[in-house]
Amino acid sequence: MAKLGWAGLTFDEASGGSGLGYAELAVLFEECGRTLVPSPFLASSVFGAECVRRGASTDVARAILSGVAQGDTLLAVALDEKSHFAPYSVETRAEASGDGYRLTGRKCFVLDGHVADKLVVVARTSGTSGDRDGLTLFLVDRVAKGVEVTRTIMVDSRNAAIVALEGAEAERVLGEVDRGADILDPALDRATAALCAEMLGLMTQAFEQTIEYLKTREQFGVKIGTFQALKHRAASMFCEIELARSIVRETMAAIDEDGPDVPTLVSVAKARCSDAASLVSREMLQMHGGIGMTDEADIGFYLKRARVAELTFGDASHHRDRFGQLQGY
Amino acid sequence: MESLESFRQELRSWLTENCPPTQRRLREGEIQPPWGSPAFEEEAKLWLERCANAGYTCPTWPTAYGGAGLSKEQEKVLKQEFAAMGAQLPGQSFGTHMLGPVLLELGTEEQKQRFLPDIVHSRVVWAQGYSEPGSGSDLASLQTRAVRDGDEYVINGSKIWTTGANRADWMFCLVRTDPDAPKHDGISFILFDLKSPGVTISPIELISGASEFCQVFFEDVRAKADNLIGEKNKGWSIAKRLLQYERTMISGMGAGGGGSASGGKKKRVAKRLRGIADAALPYVGERDGKLADGALRDQITQCEMDTLCFTLTMKRSGEEAKAQKGPSHTASMFKLYGTELNKRRNEILTTALGTQALGWEGEGFQKNELDHTRAWLRSKGNSIEGGTSEVQLNVIAKRVLGLPD
């Protein structure tokens with residue numbers, strides 16, 4: 001992927017990238033979703049890279065991103081600490097030490113953390129868990145002393161990691177101390193949008209495959225696609241997917257314009273894509289009958305990936321709550 | 001392009017000169033007479049007359065039939081200029097959007113001359129005689145009979161759900177002219193005067209109260225055979241063609257939605273998505289800056305999000321239709337999704353207003369609460385009229401997804 005220039009698709013040319021936008025990135029992610037490509041692309045080239053680009057000085061950012069674009073460096077963001085997504089619920093502490101910081105805490109569900117070269121760690125420099133203020137982003141070398149990475153094998157065959165930090169020395173601070181959320185929020189929004197594009201690809205493929213099956217599978221001497229009980233469910237799914245497609249396109253356009261509605265649109269997109277991908281992957285399995293339960297068929301992969309993607313960066317309920325807050329109610 | 005620009009200038013000065021103040025957005029210092037007052041009605045009439053004389057009520061129709069003979073591009077300019085002025089295009093009706101286009105396409109020269117100018121000037125109000133008591137979703141099973149007698153047809157039967165029949169002058173009507181043919185092959189499309197002897201019109205009261213719908217009964221109603229459109233027994237294809245014009249009109253309405261294209265950083269979400277929340281707030285209150293009822297709040301956010309996604313889909317479909325020069329395949333889902341969404345919105349509002357949403361009339365309720373009760377009940381019909389949701393699902397399954405019969 002790096003050889004094709006994909007790993008740095010949205011980076012500027014000085015950072016070894018192609019200077020394209022999120023509309024183009026979305027095309028790539030949709031295809032990855034269709035084919036269920038497992039790659040550290042989301043964690044490294046989008047989430048990690050957005051944190052570095054926004055938080056590091058121009059020279060440092062260019063150096064790191066060039067490595068990412070060439071495929072030499074992989075980034076991962078260590079954010080979550082609990083089983084439910086809550087980006088400000090951070091207890092990992094950063095203590096000033098000499099002219100640097102030492103980090104202590106436990107991070108979980110660090111996407112592709114097991115292969116990352118550098119970790120962006122979200123830690124607390126002031127305040128208490130749940131506060132937006134007081135978060136700081138640190139760049140930490142994975143092989144630094146006091147960093148222990150444990151690979152966790154997930155149901156979708158992709159891996160995350162538990163990152164235990166025991167006085168680990170930070171390589172540098174990204175952005176301002178205590179103002180880490182100002183970087184984290186927009187980076188999260190962009191990573192979430194890219195994930196939505198992947199989910200759109202996933203649900204489109206799962207749907208098309210299911211429709212094909214309805215047109216070929218015969219029972220009771222007829223194609224099962226003649227049954228109205230299945231037709232109506234298929235037609236409903238079509239609507240849900242088309243609405244998802246619209247919001248993903250709109251969200252990418254808003255990101256490329258750096259418009260003021262990005263947070264709102266991202267939450268709408270993630271809520272919709274989570275619900276629609278869940279619906280389509282569950283229906284895919286049910287409509288395929290017994291074959292869908294076998295590991296030999298791809299069907300289970302779509303269900304598993306849909307579920308992991310749903311819970312990544314906040315599920316539908318999280319984003320409905322956030323949407324309500326953004327709208328002031 | 002230059003001629004298009006000069007057309008725009010021409011139109012702009014025409015509008016400035018001809019559009020009465022009550023029929024456009026007010027300018028600073030102007031005072032609006034109350035809507036429906038004699039002064040208002042007078043100007044509305046004048047506005048219709050002026051637009052009709054210019055052919056603007058049917059902008060793309062040939063001037064020979066009273067239209068303005070505009071090109072599609074000019075029509076677009078017309079709509080833009082009317083919108084810029086805040087002026088409504090008057091006289092839009094079943095005649096201008098449904099019957100007229102069908103007559104232009106399939107009518108004889110004589111029929112065009114006879115009926116189109118009256119549509120342009122709103123001199124004749126048309127009703128649509130499609131559904132029957134026994135023929136709803138299965139429209140082609142209709143039973144209203146028309147039997148030839150000399151140079152007339154004698155019509156017997158009944159139509160139902162006829163919008164505004166009690167205020168209409170004429171009807172375009174589907175009748176069975178060959179009872180022995182397969183159901184799609186024995187139907188004709190005929191026009192007749194609703195004041196003819198033998199026509200009885202009774203308004204239908206709905207669960208929400210009085211309505212625009214009527215049932216129309218025909219007892220030996222005589223229609224001129226000259227007023228049969230197209231070929232005898234070939235009316236079903238005309239019926240479908242007319243429904244296509246109806247759909248084009250509906251999908252055209254959505255095409256302008258979505259974000260606004262002003263300069264600078266574009267705000268893509270045109271308005272704040274909190275209409276339901278604002279209605280709910282006085283009834284359920286607030287806790288920690290959020291609507292106090294968490295479950296209701298979740299339903300509201302979901303409904304507002306879906307509404308935004310739906311609006312964006314209409315916009316996308318409009319753009320795709322333009323690019324492909326034909327209706328986008330997403331158009332078939334608008335009726336289904338839009339009506340289901342409206343029903344959901346009304347259900348959520350009912351929950352939000354609590355028992356205040358359940359008043360029928362009289363003391364104890366505010367006007368907006370009573371209006372809501374009626375709107376909630378009326379919305380139930382949205383997914384039935386104009387093709388049920390189930391029929392729409394069938395259409396998507398067949399036409400879009402290609403699932404077998």
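Labels below follow one simple rule: chain letters A, B, ... track the order of the sequence lines, proteins then strands, and each chain is numbered from 1.
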(request) Can you check whether anything in residues 201-215 of chain A gets within less than 4.5 Å of chain B, heavy-atom wise, and list it by number? (result) Phe207(A), Ile211(A), Leu214(A), Lys215(A)
(request) Considering only heavy atoms, give the residues of residues 295-306 of chain B separated from chain A by less than 4.5 Å, sorted numerically, with 'none' for an empty result. (result) Arg297(B), Asp298(B), Ile300(B), Thr301(B), Gln302(B), Glu304(B), Met305(B), Asp306(B)
(message) Are Leu403(B) and Thr226(A) packed together at the side-chain level, in the sense that at least one heavy-atom pair is separated by less than 4.5 angstrom?
(response) no
(request) Please look at Ala234(A) and chain B and tell me whether the side chain, the backbone, both or neither of the residue comes under 4.5 angstrom of a heavy atom of that chain. (result) both
(request) Please flag which part of Arg233(A) lies under 4.5 Å from any non-hydrogen atom of chain B: side chain, backbone, both or neither. (result) neither
(message) List the residues meeting ring pair (Phe, Tyr, Trp, His ring centres under 6.0 Å) with Phe85(A), not counting sequence neighbours, and say none if there are none.
(response) His318(A)
(request) Against chain A, label Glu340(B) side chain, backbone, both or neither, depending on which of its atoms sit under 4.5 Å from a heavy atom there. (result) neither
(request) For each of Leu291(B), Asp405(B), Leu401(B), tally heavy-atom pairs with chain A at distances under 4.5 Å, and name the one with the top tally. (result) Leu401(B)
(request) Look at the side chain of Gln327(A) and the backbone N and O of Leu273(B), then say whether any donor-acceptor pair between them is shorter than 3.5 Å. (result) yes
(message) If I measure from the heavy atoms of chain B, does Leu265(A) come under 4.5 Å with its side chain, its backbone, both, or neither?
(response) side chain
(request) Examine whether an atom of Arg272(A) lies under 4.5 Å from a heavy atom of chain B, and if so say whether it belongs to the side chain, the backbone or both; otherwise answer neither. (result) side chain
(message) Does any backbone or side-chain atom of Ala269(A) lie under 4.5 Å from a heavy atom of chain B? Answer side chain, backbone, both or neither.
(response) neither
(request) Output the residues of residues 181-200 of chain A for which the shortest heavy-atom distance to chain B is under 4.5 Å, in residue-number order; output 'none' if no such residue exists. (result) none
(request) Find out whether Arg316(B) and Arg245(A) are in side-chain contact, i.e. whether some heavy atom of one side chain is under 4.5 Å from a heavy atom of the other. (result) yes
(message) Donor-acceptor check, side chain of Lys231(A) to backbone of Lys398(B), threshold 3.5 angstrom: yes or no?
(response) no
(request) Go through Cys309(B), Ala397(B), Gly289(B), Gly402(B) and name the one with the most non-hydrogen pairs under 4.5 angstrom from chain A. (result) Cys309(B)
